[in-house]
Amino acid sequence: KAMYDDLKDAEMMIDYACAVKEHEEDKALADELAKYAHFRLNHFMEFHSIFVNEAMKHNEVDKKTVGDCMWHETHEMMQDWYEKIKRKIEKYK
C-alpha cells in the first residue's frame, strides 16, 4: 500500500505541475509540485528496495505459489508505473 501511495502521489503531483506550469505566474508552484513528485518517486524506490530484500528472505515461496505470482504481477505493474512517472518528471525539467 505504501509503495502504491508513493506512485499515486508522484503521478498526481507531476500532472498538477505540468498543468500549473502553463501559467507563467505559477511557475514557482509548479516547480515545487515537481520536486515533491520526484521526492515521492525516489521514496518508492527506497521502500521498494527494502520490500524486495524482505521478500527474498522467505525461501518457502517458490514460482508455483499464488503469492509469488501475485508479487510478480504487482511488481511488474508498479515498475511500469514508476517508469511512466519518471518519464513525466524528466519531461517536465
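Just so it is clear, the values below take in all heavy atoms, side chains as well, and ignore hydrogens, waters and symmetry mates.
Salt-bridge check for Lys84 with Asp80: failed, with every basic side-chain N at 4.0 Å or more from each acidic carboxylate O. Between Asp15 and Lys88 there is a salt bridge, since a side-chain N of the basic residue sits under 4.0 Å from a carboxylate O of the acidic one.
Using a 4.5 Å heavy-atom cutoff, the side chains of Ile89 and Leu41 are in contact. Counting heavy atoms from C-beta outward, Asp26 and Lys21 have side chains that stay 4.5 Å or more apart.
A search for side chain to side chain contact (heavy atoms under 4.5 Å, CB included) contacts involving Lys35 returns Glu32, not counting sequence neighbours. Listed by chain and residue number, Phe44, Met45, His48, His75 satisfy the side chain to side chain contact (heavy atoms under 4.5 Å, CB included) test with Gln79 (two or more places apart in sequence, or in another chain).
Residue Tyr92 comes nearest to Ala34 through the heavy atom pair CE2-CB, 3.4 Å, listed as atom of the first residue, atom of the second, then distance. When all heavy atoms of Met78 and Leu7 are compared, the closest pair comes out as O-CD1, 3.6 Å. Minimum interatomic distance between Ala10 and Arg40 (heavy atoms only, all atoms of both residues): CB-CB, 3.9 Å.
Atom CG of Asn42 is separated from atom CZ of Phe47 by 15.5 Å, given to the nearest 0.5 angstrom. For the atom pair CZ of Arg87 and CD1 of Ile14, the computed distance is 13.5 Å after rounding to the nearest 0.5 Å.
Cluster partners of Phe39, using a side-chain heavy-atom cutoff of under 4.5 Å among ILVMFWY residues and allowing indirect links, are Met12, Met13, Tyr16, Val20, Leu29, Leu33, Tyr36.
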Should Asp6 and Met3 be marked as a side chain to side chain contact (heavy atoms under 4.5 Å, CB included) after you check the CA-CA gap, both sets of side-chain angles, and the distance that decides it? CA-CA 5 Å; Asp6 278 338; Met3 291 186 300; 5.5 Å; no
